[in-house]
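Each chain gets a letter, A, B and so on, in the order the sequences are listed, and its residues count up from 1.
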Amino acid sequence: KAGVTQTPRYLIKTRGQQVTLSCSPISGHRSVSWYQQTPGQGLQFLFEYFSETQRNKGNFPGRFSGRQFSNSRSEMNVSTLELGDSALYLCASSVQGGDNSPLHFGNGTRLTVT
Amino acid sequence: AQTVTQSQPEMSVQEAETVTLSCTYDTSESDYYLFWYKQPPSRQMILVIRQEAYKQQNATENRFSVNFQKAAKSFSLKISDSQLGDAAMYFCAYWYNNNDMRFGAGTRLTVKP
């Protein structure tokens, strides 16, 4: 079974631009979560989607948004990029979320904002 | 709010020896889940072991075992017979029914040949 796939693997953007990251969950997984990982703040929860609906959201500004499609694939969008948005963005999927099924993570997208 | 603390930024172990990584957490809940994830240089977070808080028995997965002390809110990971491939960042994580998994800051484990 294929794992969680994130594209692109690396991304370089300029301040003020916007970016879209993609995540394809493991087949059969309906919950997709996004995390931001930085050296200073560690791993921080962004949001979680299930059946195309955002079920939970972390403490990030509205510039961070996401969506989930009917095939459970998810995208995350960051608008008006700031230098501080430079981070590794990890996507994780689980069967349903909301239960104790463990998260399966992708390899992440490394975003650099210049 | 639930917080997870890993007090050891870095740890080192000799190959074939045993090492214990510490984790404490803060919660007012009684039924929750705890996890240890490993992040090698490939960046992918890999589940190592998990523990349900309602289970008193400590979880084990081959060379990996935990010491779960619910009253003390402590969840340490013991790696026996350490191998070079165990070198990675290890993250302790807490989860309680809100799809928001809280992670500790991580412990970088080095394995010396």
* Flag yes if A/Leu46 and A/Val4 sit in one hydrophobic cluster, no otherwise; membership is Ile, Leu, Val, Met, Phe, Trp, Tyr, and two members link when side-chain heavy atoms are under 4.5 Å apart. => no
* Asked: So what's closer than 4.5 Å to chain A heavy atoms on B/Tyr32: side chain, backbone, both or neither?
  -> neither
* Can A/Phe45 be reached from A/Trp34 by stepping across I, L, V, M, F, W or Y side chains whose heavy atoms are under 4.5 Å apart? -> no
* Which pairs count as disulfide (SG to SG under 2.5 Å) when at least one residue sits in residues 7-88 of chain B, sequence neighbours excluded? -> B/Cys23-B/Cys92
* To do: Determine whether more than 12 heavy atoms belonging to other residues, nucleotides or ligands lie under 6.0 Å from atom NZ of B/Lys73.
  => yes
* **Nearest heavy atoms of B/Leu47 and A/Pro102, plus distance in Å** => CD2-CB, 3.4 Å
* To do: With a 4.5 angstrom heavy-atom cut-off, could you sort out which part of A/Gln37 is near chain B: side chain, backbone, both or neither?
  => side chain
* To do: Specify the closest pair of heavy atoms between B/Gln39 and A/Leu88, including all atoms of both residues, with the distance to one decimal.
  => NE2-CD2, 3.9 Å
* For chain A, which residues of residues 60-69 of chain B have heavy atoms nearer than 4.5 angstrom -> none
* Cluster question for you: counting only ILVMFWY and a side-chain heavy-atom cut-off of under 4.5 Å, with indirect links fine, are A/Val78 and A/Tyr49 together? -> yes
* Asked: With a 4.5 Å limit on heavy-atom distance, are the side chains of B/Met45 and A/Leu90 in contact?
  -> yes
* Per-residue contacts, residues 69-77 of chain A versus chain B, heavy atoms under 4.5 Å -> none
* Taking everything shown except A/Asn59 itself, do over 12 heavy atoms lie less than 6.0 Å from its CG? -> no
* Asked: Is the ring centre of A/Tyr35 less than 6.0 Å from the ring centre of B/Phe103?
  -> yes
* To do: Treating Ile, Leu, Val, Met, Phe, Trp and Tyr as nodes and any side-chain heavy-atom pair under 4.5 angstrom as an edge, say whether B/Ile79 and B/Trp36 lie in one connected cluster.
  => yes
* To do: Please confirm whether the backbone N or O of A/Phe105 pairs with a side-chain atom of B/Tyr37, one donor and one acceptor, at under 3.5 Å?
  => no
* To do: Output the distance between atom CG (A/Asn107) and atom CD (B/Gln44), rounded to the nearest 0.5 Å.
  => 4.5 Å
* Structure fact -> Against chain B, residues from residues 7-21 of chain A with at least one heavy atom under 4.5 Å, in numeric order, are A/Arg9, A/Tyr10
* Asked: Crowded around A/Arg63 CZ? As in, over 12 foreign heavy atoms under 6.0 Å?
  -> yes
* To do: Name the region of A/Leu103, side chain, backbone, both or neither, that has any atom closer than 4.5 Å to a heavy atom of chain B.
  => both
* Asked: Taking a hydrophobic cluster as the set of Ile, Leu, Val, Met, Phe, Trp and Tyr residues connected by side-chain heavy atoms closer than 4.5 Å, whether directly or through intermediates, do B/Leu84 and B/Leu21 fall within one such cluster?
  -> yes
